[in-house]
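Residues: numbered from 1 along the sequence shown. Hydrogens, waters and symmetry mates play no part in the numbers below; they use all other heavy atoms, side chains included.
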Amino acid sequence: MGETNLSQFGITFKGSGSYIPKQILTNEDLSRIVDTSDKWIKTRTGISKRRISSIHESVCQMGYEAALRAMEMANWSPDTIDLILLATSTPNDLFGSAPRIQSKLGAKNATAFDLTAACSGFLFSLITGAQYLQNGSFKRALIIGADQLSSYVNWLDRGSCILFGDGAGALAIEASDDINNFYGFQMKTDGERGGFLNLSVCGSEEEIIDDIKVNKGKFSNITMNGQEVYKFAVREVPIVIDNLLKQLNYNSSEVDWLLLHQANQRILDAVGERLNIPKEKVLSNLNNYGNTSAGTIPLMLDESIRNKKVKQNDLIATSGFGAGLSWGAALFRWG
Ligand code: UT7
């Protein structure tokens, strides 16, 4: 649980950007791989198609493109950026991919590192970045969410392959002496329920010498208990948003936009209903992209800003949720 009351500096939102890969995989395409149909997928998830990154559209590439666009909207030169956080579960390099994005951007004065919290990763990174700005350590930060889960999806598992796609988004946030548009947040994890959604190492024993065996690293495909994740999301997400609004003395009727992690249209609808937020205020682009994990929130926000749906000073309640299990919420004004 967090509050911004004690902080030294406020936060302002200066820019957004996103990138979606070129290849499109439709529900019709999927119905040729597994026993499913366009009708079933649309009715149960709201998804019609998703983007799949090619070998040239890695997390670094997508994250870079999204960050570049956010930087351009903010009108920042690369050498003025202090911090780059990359939320991802599918890095190019397990030792860290954010520094590669830093180098491509030419942000030579920035510190860059990765943060992994699956579909909550962007929210957790935004909150983390905000701490450095609020306490005066840094002034300008790029917060990136990028994932290519397509590399780890079991394309023969109809219970999960229908949901996921690839994409990236980024926000440019800045510390301010006199304005604060980031009002507060809540973050939660529950490892007890972690087995519902995993992209785990499936080690195999290999002898290196004289009976000394190493656990050779390799990742298995994504495994998911869809029903349990669904139940978790529709129960916990309204509670965490409601608690945050209460903590900050806001009412859900004051929220201009509900910006949820794009997982399933039925989850979006159920959370909106429980919070009494009308459907028109619940942002959704699931139809086009499916679940892009850490990419969904900044991708959705960037689209809404660029098509002028979300305007300066609009109040946004956001929530990320997913593997870990992990979830949380934040309340902010755009601008
Ligand atoms: O970031 C978080 C990521 N994860 C999630 O958000 C997952 C949340 N969960 C979900 O979105 C939903 O649980 C799914 C979309 C994954 C599944 O929908 P559901 O309404 O929970 O379906 P179900 O698992 O209860 O399955 C209902 C039926 C089953 O058949 P029977 O046993 O009733 O004969 C499944 O075998 O639908 C069948 N089914 C399918 N049929 C056609 C499951 N997947 C498919 C499919 N096409 N793709």
Side-chain angles (χ1 to χ4, degrees), residues 1-18 63-64 66-87 98-99 101-103 105-115 117 120-146 168-187 244 247-250 256-257 259 294 297-298 301-302 304-305 310-320 328-335:
M1 208 166 85
E3 278 220 39
T4 54
N5 295 351
L6 300 174
S7 35
Q8 281 176 269
F9 295 92
I11 306 272
T12 53
F13 292 79
K14 296 293 185 186
S16 66
S18 58
Y64 160 72
L68 185 66
R69 288 165 199 181
M71 202 175 80
E72 284 169 356
M73 191 191 282
N75 210 7
W76 290 352
S77 69
D79 56 350
T80 64
I81 296 162
D82 302 304
L83 176 69
I84 298 172
L85 289 185
L86 171 65
I101 297 178
Q102 173 200 7
S103 133
L105 288 170
K108 58 181 191 297
N109 297 316
T111 302
F113 61 93
D114 296 10
L115 193 154
S120 307
F122 182 81
L123 177 76
F124 283 19
S125 296
L126 176 65
I127 293 164
T128 304
Q131 308 310 300
Y132 291 104
L133 268 49
Q134 286 170 338
N135 71 24
S137 302
F138 294 128
K139 190 158 166 56
R140 287 183 167 175
L142 284 172
I143 314 294
I144 307 165
L171 294 185
I173 61 172
E174 185 168 61
S176 164
D177 291 334
D178 50 357
I179 302 168
N180 179 39
N181 286 338
F182 185 76
Y183 297 150
F185 65 87
Q186 300 218 346
M187 294 164 90
L244 178 66
Q247 176 200 334
L248 298 169
N249 286 319
Y250 277 89
D256 293 307
W257 302 108
L259 171 59
I297 290 176
L301 184 54
D302 181 51
S304 310
I305 285 159
V310 169
K311 299 187 182 65
Q312 195 78 2
N313 281 325
D314 278 358
L315 186 67
I316 300 170
T318 189
S319 173
L331 188 71
F332 63 96
R333 266 184 211 288
W334 180 254

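Scored by the salt bridge (Lys or Arg N to Asp or Glu O under 4.0 Å) test, Arg333 finds no partners at all (sequence neighbours excluded). The side chain to side chain contact (heavy atoms under 4.5 Å, CB included) search around Thr318 returns Leu123, Leu259, Ile297, Ala330, Phe332, not counting sequence neighbours. With sequence neighbours excluded, no residue satisfies ring pair (Phe, Tyr, Trp, His ring centres under 6.0 Å) with Tyr64. Under the side chain to side chain contact (heavy atoms under 4.5 Å, CB included) criterion, Asn109 pairs with Asp79, not counting sequence neighbours. The side chain to side chain contact (heavy atoms under 4.5 Å, CB included) search around Leu86 returns Val59, Thr88, Ser97, Ala98, Ile101, Asp114, Ile144, Ala146, not counting sequence neighbours.
Proximity of Ile127 to Met187: side-chain heavy atoms (C-beta onward) are separated by under 4.5 Å at one or more points. Contact of the Lys108 side chain with the Pro78 side chain is not registered, since no non-hydrogen atoms from C-beta on lie closer than 4.5 Å. Asn181 places none of its side-chain heavy atoms less than 4.5 Å from the side chain of Ile11. When side chains are defined from C-beta on, Trp257 does not count as touching Trp334, because their heavy atoms never get closer than 4.5 Å. Counting heavy atoms from C-beta on, the side chains of Leu244 and Tyr250 never come closer than 4.5 Å. Annotation: side chain of Leu133 is not in contact with side chain of Phe182 (no heavy-atom distance under 4.5 Å).
A donor-acceptor contact shorter than 3.5 Å is absent between the side chain of Gln186 and the backbone of Ala329. Although no hydrogens or angles enter the test, the distance criterion places a donor-acceptor pair under 3.5 Å between the side chain of Ser319 and the main chain of Gly328.
Pairing each heavy atom of Ala170 with each of Pro298, the nearest pair is N-CB, 3.6 Å. In this structure, Pro99 and Ala112 approach most closely via the heavy-atom pair CG-O, 3.6 Å. Of all the heavy atoms in Ile84 and Ala107, the pair that sits closest is CD1-CB, 3.9 Å. Met73 and Asp302 get closest at one heavy-atom pair: CE-OD1, 4.2 Å. Residues Ser125 and Ala87 come closest through the heavy atom pair OG-CB, 3.3 Å.
Residue Ser304 holds its OG atom at 10.0 Å from CG of Asp314, rounded to the nearest 0.5 Å. Atom CZ of residue Phe185 and atom CZ of residue Phe124 lie 10.0 Å apart, to the nearest 0.5 angstrom. Distance check, rounded to the nearest 0.5 Å: CD1 of Ile305 to CZ of Phe13 gives 9.5 Å. With values rounded to the nearest 0.5 angstrom, Ser16 atom OG is found 6.0 Å from Leu301 atom CG.
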Atom pairs and distances, side-chain donor-acceptor, residues 171-178, under 3.5 Å, sequence neighbours left out:
from, atom 1, to, atom 2, distance (Å)
Glu174, OE2, Arg140, NE, 2.5
Glu174, OE2, Arg140, NH2, 3.1
Ser176, OG, Asp178, N, 3.2
Ser176, OG, Asp178, OD1, 3.1
Ser176, OG, Ile179, N, 3.0
Ser176, OG, Ile179, O, 3.4

Derivation and outcome, side chain to side chain contact (heavy atoms under 4.5 Å, CB included), residues Met71 and Ile81: CA-CA 9 Å; Met71 202 175 80; Ile81 296 162; 3.4 Å; yes
Phe122 vs Ile143, side chain to side chain contact (heavy atoms under 4.5 Å, CB included): CA-CA, chis, key distance, verdict: CA-CA 8 Å; Phe122 182 81; Ile143 314 294; 3.6 Å; yes
Tyr132 vs Asp82, side chain to side chain contact (heavy atoms under 4.5 Å, CB included): CA-CA, chis, key distance, verdict: CA-CA 10 Å; Tyr132 291 104; Asp82 302 304; over 6 Å; no
Side chain to side chain contact (heavy atoms under 4.5 Å, CB included) assessment of Phe113 paired with Leu83: CA-CA 8 Å; Phe113 61 93; Leu83 176 69; 4.0 Å; yes
